[in-house]
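Here the structure is laid out as structure tokens; the discussion comes afterwards.
Worth knowing before you read on, the calculation uses all heavy atoms, side chains too, and leaves out hydrogens, waters and symmetry mates. Nothing here was measured: the structure is a model prediction, and the numbers come from that model. In what follows, chains carry the letters A, B, and so on, assigned in the order in which the sequence lines appear, proteins first and then strands, with residues in each chain numbered from 1.
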Number of protein chains: 2
Amino acid sequence: MDPDVISGAMCMAEGGTGGPGGESLLFLTDEQLRKGIEAMFFAYRGFTADPDRILAAHGYGRAHHRAVHFINRAPGTTVNNLLNILGVTKQSLNRVLRALIEDGLVESRVGAQDKRQRNLFLTETGAALERELSDAQRVRMRAAYRSAGPEAVAGFRTVLEAMMDTDLHHHFKALKEAGS
Amino acid sequence: MDPDVISGAMCMAEGGTGGPGGESLLFLTDEQLRKGIEAMFFAYRGFTADPDRILAAHGYGRAHHRAVHFINRAPGTTVNNLLNILGVTKQSLNRVLRALIEDGLVESRVGAQDKRQRNLFLTETGAALERELSDAQRVRMRAAYRSAGPEAVAGFRTVLEAMMDTDLHHHFKALKEAGS
DNA sequence: TTGGAATGTCAACAAGGCTGACATAAAATG
DNA sequence: CATTTTATGTCAGCCTTGTTGACATTCCAA
């Protein structure tokens with residue numbers, strides 16, 4: 001038995017992006033798709049490796065990174081906002097936020113209009129950690145971008161956006177435009 | 001304070017891929033890099049969403065998926081091989097493998113030459129689960145590829161490979177060529 | 001024969017998901 | 001004004017999946 005053979009849905013012709021240049025056929029063999037899947041797996045490991053090391057040194061985990069990232073991204077965001085973006089339960093997020101607030105990395109201010117809401121901000125310390133984390137991640141990302149070249153970067157982003165869930169894509173687009 | 005502003009390492013000119021066409025400059029602003037980072041975050045969520053649902057229905061988790069995937073990928077692979085690829089401790093992997101073996105999805109045969117080693121294979125049931133998982137993942141990947149177009153796909157893969165750790169890249173390349 | 005490599009297993013622990021239940025304050029609605 | 005809904009926080013408990021440390025077994029190799 002050799003499950004690695006190109007089986008099942010064979011070649012899928014037709015490109016479809018409307019690009020007039022070059023190859024207009026996409027040969028999406030299972031083999032090629034599998035390579036993409038594995039590339040995604042390994043690349044994500046590389047993608048998180050540097051922040052993970054930094055976080056471990058500070059006694060935090062990936063969950064803290066995500067919270068810090070998006071609070072920096074959209075200062076003053078509410079807890080509910082963050083919950084929607086991160087896609088976890090409020091109990092999970094709260095555990096993380098509590099630690100960050102207690103450690104003085106995040107400040108939680110009662111909402112101006114709606115006093116039920118808490119607006120979240122990074123303190124100086126929090127911003128410093130965020131910088132440390134994103135600097136490390138940007139170094140790797142920049143290196144990857146530069147070695148791949150501008151066209152590859154555009155393609156990279158295009159495929160990633162197509163790979164998101166539509167609802168996530170919605171959050172992503174919202175983030176791309178405004179902040180909070 | 002507005003940490004969202006394009007600060008720090010500003011524009012990095014110079015492209016460098018040697019492509020004679022179009023834009024030869026890569027403007028890697030922190031802003032653009034951050035978009036790439038967030039795209040990676042959201043896309044990975046989409047990437048794992050379908051398998052996660054299937055796995056949950058079977059009472060398994062992502063760790064089982066990874067094991068099943070790479071055993072299918074390289075039938076007869078040894079435990080040590082798998083440990084190197086997956087990058088976890090043998091205790092973690094063993095827990096997962098034990099469950100899969102007990103449930104009859106994976107067969108562990110004593111090595112022919114070296115009897116210390118175990119060669120791992122999927123059973124029919126295991127192969128069926130693998131197919132279910134990779135079918136789901138391929139559907140999404142294929143959709144993303146098709147909507148992005150061939151050039152984007154090439155760029156996607158190029159950037160991902162550049163993003164891997166070099167040691168991971170080594171495993172990836174080994175997998176790309178031979179199977180065990 | 002002895003050392004080391006490959007494997008398996010036990011125990012304990014931590015991070016970070018989850019559910020369910022409950023409390024509080026404030027907004028919204030009747 | 002009374003009630004309901006919303007936003008948030010919190011407690012308790014469970015699961016998966018990672019970790020470390022210790023130890024046993026098997027078997028290749030020097």
Side-chain angles (χ1 to χ4, degrees), chain A residues 41 44-45 48-49 51-69 71 76-103 106-121 180, chain B residues 41 44-45 48-49 51-71 76-103 106-120 180:
Chain A
F41 170 68
Y44 197 75
R45 285 249 300 267
T48 54
D52 281 354
R53 270 187 290 273
I54 295 168
L55 289 159
H58 288 260
Y60 293 121
R62 268 185 215 177
H64 303 85
H65 184 184
R66 295 194 278 264
V68 163
H69 174 96
I71 292 173
T77 189
T78 64
V79 173
N80 235 358
N81 245 327
L82 219 45
L83 283 178
N84 289 327
I85 291 170
L86 297 178
V88 297
T89 59
K90 65 173 178 175
Q91 292 92 332
S92 272
L93 176 59
N94 198 255
R95 187 198 292 139
V96 165
L97 278 183
R98 206 188 316 161
L100 291 173
I101 291 170
E102 278 172 8
D103 296 352
V106 167
E107 195 192 336
S108 165
R109 297 185 206 150
V110 172
Q113 310 111 345
D114 190 333
K115 290 175 191 166
R116 289 170 304 180
Q117 298 184 335
R118 301 303 139 94
N119 296 115
L120 304 169
F121 300 88
S180 173
Chain B
F41 169 69
Y44 197 75
R45 284 249 301 268
T48 54
D52 281 354
R53 272 188 289 273
I54 294 168
L55 289 159
H58 288 260
Y60 293 121
R62 266 185 217 178
H64 303 86
H65 184 186
R66 294 195 277 265
V68 163
H69 174 95
F70 284 108
I71 293 173
T77 189
T78 64
V79 172
N80 229 6
N81 244 328
L82 219 46
L83 284 178
N84 289 328
I85 291 170
L86 297 178
V88 297
T89 58
K90 65 175 177 173
Q91 292 90 332
S92 265
L93 176 58
N94 197 256
R95 188 197 290 136
V96 165
L97 279 182
R98 204 187 320 160
L100 291 172
I101 291 170
E102 277 171 10
D103 296 352
V106 167
E107 195 193 335
S108 166
R109 297 186 206 149
V110 172
Q113 309 111 344
D114 189 335
K115 291 174 190 166
R116 289 168 303 181
Q117 298 184 337
R118 302 301 138 98
N119 296 114
L120 303 169
S180 179

Checklist entry - Whole Å only: how far is the CG atom of A:Leu97 from the C1' atom of C:dG16? => result 14 Å

Checklist outcome for this item: Atom CG of A:Leu83 and atom C1' of C:dC18 are separated, to the nearest Å, by 14 Å

Next on the checklist: I need the CZ-P distance between B:Arg109 and D:dT26, as an integer number of Å.
Outcome noted: 22 Å

Item to check | Pair B:Thr78-B:Arg118, side-chain donor/acceptor within less than 3.5 Å | outcome: no

Next on the checklist: Contact between B:Leu86 and B:Asn81 at the side-chain level, heavy atoms closer than 4.5 Å - yes or no?
Outcome noted: no

Next on the checklist: In terms of relative ring orientation, are B:Tyr60 and B:His64 parallel, tilted or perpendicular, with 30° and 60° separating the classes?
Outcome noted: tilted

Item to check | Within-4.5 Å side-chain heavy-atom neighbours: B:Phe70 and B:Leu82 | outcome: yes

Checklist entry - Using 30° and 60° as the class limits, which term best fits the ring planes of B:Tyr44 and A:Tyr44: parallel, tilted or perpendicular? => result parallel

Checklist entry - Rounding to a whole Å, what distance do you find between A:Asn119:CG and D:dA7:C1'? => result 12 Å

Next on the checklist: Can you tell me if A:Asn80 touches the phosphate of D:dT8, counting only side-chain N or O atoms and a distance under 4.0 Å to OP1 or OP2?
Outcome noted: yes

Item to check | Those residues that, when tested against A:Arg109, pass salt bridge (charged side-chain N to carboxylate O under 4.0 Å, His left out) (two or more places apart) | outcome: A:Glu107

Checklist outcome for this item: Picking from C:dG8, D:dA7, C:dG17, the nucleotide nearest the side-chain atoms of A:Ala63 would be C:dG17

Item to check | Proximity to the side chain of B:Val79 - top-ranked nucleotide from D:dT19, C:dT7, D:dT10 | outcome: C:dT7

Item to check | A:Thr89 side chain near C:dG17 phosphate (N/O to OP1/OP2, under 4.0 Å) | outcome: no

Next on the checklist: Distance check needed: C:dA15 P versus A:His58 NE2, whole Å only.
Outcome noted: 16 Å

Checklist entry - Atom CG of A:Leu86 to atom P of C:dC18: distance rounded to whole Å? => result 10 Å

Checklist entry - Which nucleotide, C:dC18, D:dT17, D:dG18, lies nearest any side-chain atom of B:His64? => result D:dT17

Checklist entry - B:Ser92 has a side chain; which of C:dC18, D:dT19, D:dT8 sits nearest to it? => result D:dT19

Checklist entry - Taking protein heavy atoms under 4.0 Å as touching, what does nucleotides 20-30 of chain C look like 5' to 3' if B marks base contact, S marks sugar-phosphate-only contact and - marks none? => result BB----BS---

Checklist entry - Could you state the CG-C1' distance from A:Leu55 to D:dT19, rounded to the nearest angstrom? => result 16 Å

Item to check | Atom-to-atom span, CG of B:Asn94 to C1' of D:dC23 - whole angstrom | outcome: 14 Å

Next on the checklist: Using the salt bridge (charged side-chain N to carboxylate O under 4.0 Å, His left out) criterion, which residues pair with A:Asp103? Sequence neighbours excluded.
Outcome noted: none

Next on the checklist: I'd like to know if B:Arg95 reaches the base of D:dG18 with its side chain, counting only an N/O donor and acceptor under 3.5 Å.
Outcome noted: yes

Checklist entry - When you match A:Gly87 and A:Gly59 each to their closest nucleotide on DNA chain C, which lands nearer the 5' end? => result A:Gly59

